[in-house]
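For reference, the structure is listed below as C-alpha cells.
Both counts, for ligands and for their atoms, begin at 1 and track the order of listing.
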Amino acid sequence: KWKEILQRVRDEHELSEISFTTWIEPLTIHSVEDNLITILVPSEKMGLDYVSKKYTLPIKVAIAEITGVNYEIRFILPEEVKQEKAPAPVQKNLYVPNLNPKYTFDTFVVGSNNKFAHAASLAVAESPGEIYNPLFLYGGVGLGKTHLMHSIAHFILQKNPSSRILYVTSEEFTNEVIEAIRNSNNTAMTKFREKYRNIDVLLIDDVQFIIGKESTQEEFFHTFNTLHGANKQIILSSDRPPKDMDILEDRIRSRFEWGLLADIQSPDYETRIAILRKKQELDGYSVSDDVIEYIASNIKSNIRELEGALNKIIAYANLEKREINIDLAEQVLRDIISPNEKKVITPEFIIDTVADHFDITPSDIVGSKRSSKIVFPRQIAMYLCREMLDAPLTGIGKMMGDRDHTTVMHGIEKIEKEMSAKDSVRNTVDILKKKINPSK
Ligand code: ADP
Ligand code: MG
C-alpha cells in the first residue's frame, strides 16, 4: 500500500522522475500509531526540511484517499530513530482494519435502549479476551451494532496500536472462504487460515448472513475454536439472538451463547433527541429544538433513518438557501414519515439498500458515473428490481436515471452471467435480497 500511496503522490502532482526518485521514493514508514504515521527520511536534515515543507499535504491526502483514514504524519531522520529508546522499531501494523473513524465510543450516545450493550462493549474493549468471550451484540437494523463494534476496535488499537485486529462483514468473510475453497490449491486455504487465526481480536458483523452456508459455517466454527481456545477476543453482531437463528447448527449456536449476549433496542424519545443533538453538533450545525423534537417524535425505530432525516433537512436548507425550521422539516420529511410503518418494497427502497450496502449514495446509482465502483452496484440494483419486483425494463430504466431499456437489459444479463460464474457475486446478491426482504 505504501508504494501505491507514493505513486499517487507522483501522479497527482505530476512529479518528474528525478523529483520522485530523489524525494519521494526513498521515504519509508517508520511506524503507525493511533492516527499518526511516522515517515523515515533517509537523507540529511536538509532533505527532511524540504520534504516536510513541500510534501506533507500531498502525502496526507494520498494516505487518506487510499486508506480512508485521516492520519497525521511526521517525518524523522535515521539519527532520531536511534535516539528513540526502546520499543524497537514498531512494526508496521498489518492489521489496521477498515474502520469508520467516526464510529467511536465518544460519538456514541448512551440511552436506556443500548446501556447494556454499551457497557458490555466497553468492558470487552478494556479487557479483550479476558471476560466476555464471545461478545454477541444483536438488534434490528440501524440501531448501532456496527458503531459499537468499530468503537471497540478503535479503543483497543488506541491502547495497543500493535494489536492485530480484524474487522470483517460476514459477506467479506463468506466471500473469502468461498475464494479459498475455490482455488483448491492448499495455499489459498492456508493463507485464509493464517489470516484469521493469527490475530488478537476478530470482529464479524452481521453474522446472520453466514448461516445457511455450510462450508462457511464449517470454516467459521474452526476459526472460532482456534481463537477462543487461545483466549483471543471474538465479537459478533447479528440482527437477532442465536436462539432465533433457525438454520444455525447447534454446535455453533452454543458457541455464540458461551460468552455474553447483549441486545440493542429501539431508542426512546429522550435518546433520539440526544442522538440528534450530538449529530448536529458533530457535523457543525445548529438546528433548533423544535425541529429536533419534530424529527424525534416522527421517526422512531431506526437511528440510521433518524440521521438520514436530519441530513436531508440540512441538505435541503443548503440547496434552497432556506432556514431550517419546522415548515421545511415537515415538507422534507413528508415522504419519509409514513403513517403505518410497514415497509413496502419499492425501487427506491432497493436503490437505497444497494447504495448503503456498497457505501455509495443513491444518487451515484441513478447518476452517470461510470467507474466500476458505481457501475456494479447500479447493475445489481437493476437486477434486483427486475427479480424482486418484476418491474418492466423501461420502468427500471426510468428509475435509474433515464436509461433506455437495452442498457437495463445489458446490466441485468451481466449480473446473471457473473452470478453463474462467481459464487461471491451470488453471495452478495443473496445478502442484498435478505436485506431488502428479510422475511423471505
Ligand atoms: P447497525 O449496524 O445496527 O445496523 P449502525 O451501527 O450502522 O447500525 O448505526 C446506524 C447509524 O446510527 C450510524 O450512523 C451510527 O453512527 C448511528 N448510531 C446508532 N446508534 C447510535 C448512538 N447510540 N449514538 C450515536 N449514533 C448512533
Ligand atoms: Mg451494521
Could you pull out all donor-acceptor pairs under 3.5 Å where a side-chain atom in residues 286-293 meets a protein atom, sequence neighbours excluded?
| from | atom 1 | to | atom 2 | distance (Å) |
| --- | --- | --- | --- | --- |
| S288 | OG | D290 | OD1 | 2.5 |
| D289 | OD1 | R277 | NH2 | 3.2 |

Charged tip of R322 within 45° of Y316 ring normal and under 6.0 Å: no

Is there a donor-acceptor contact under 3.5 Å from the side chain of K232 to the main chain of T226? no

Which pairs with one or both residues in residues 112-121 pass side chain to side chain donor-acceptor pair (under 3.5 Å), sequence neighbours excluded? S112-D268

So, F220 versus F256, ring centres under 6.0 angstrom or not? yes

Residue by residue, ordered by chain and number, which ones reach under 4.0 Å of ligand 1 with a heavy atom? Y103, T107, F108, V109, N114, G140, V141, G142, L143, G144, K145, T146, H147, I275, I303, R304, E307

In terms of heavy-atom contacts, does CG of D359 have more than 12 from other residues, nucleotides or ligands at under 6.0 Å? no

Would you say the side chains of D200 and S163 form a donor-acceptor pair under 3.5 Å? no

Mind listing the protein N/O/S atoms less than 2.8 Å away from the Mg ion (ligand 2)? Waters don't count. T146 OG1

Does N70, at its CG atom, have more than 12 non-hydrogen atoms belonging to other residues, nucleotides or ligands within less than 6.0 Å? no

Ring centres under 6.0 angstrom apart (H150, Y167): yes

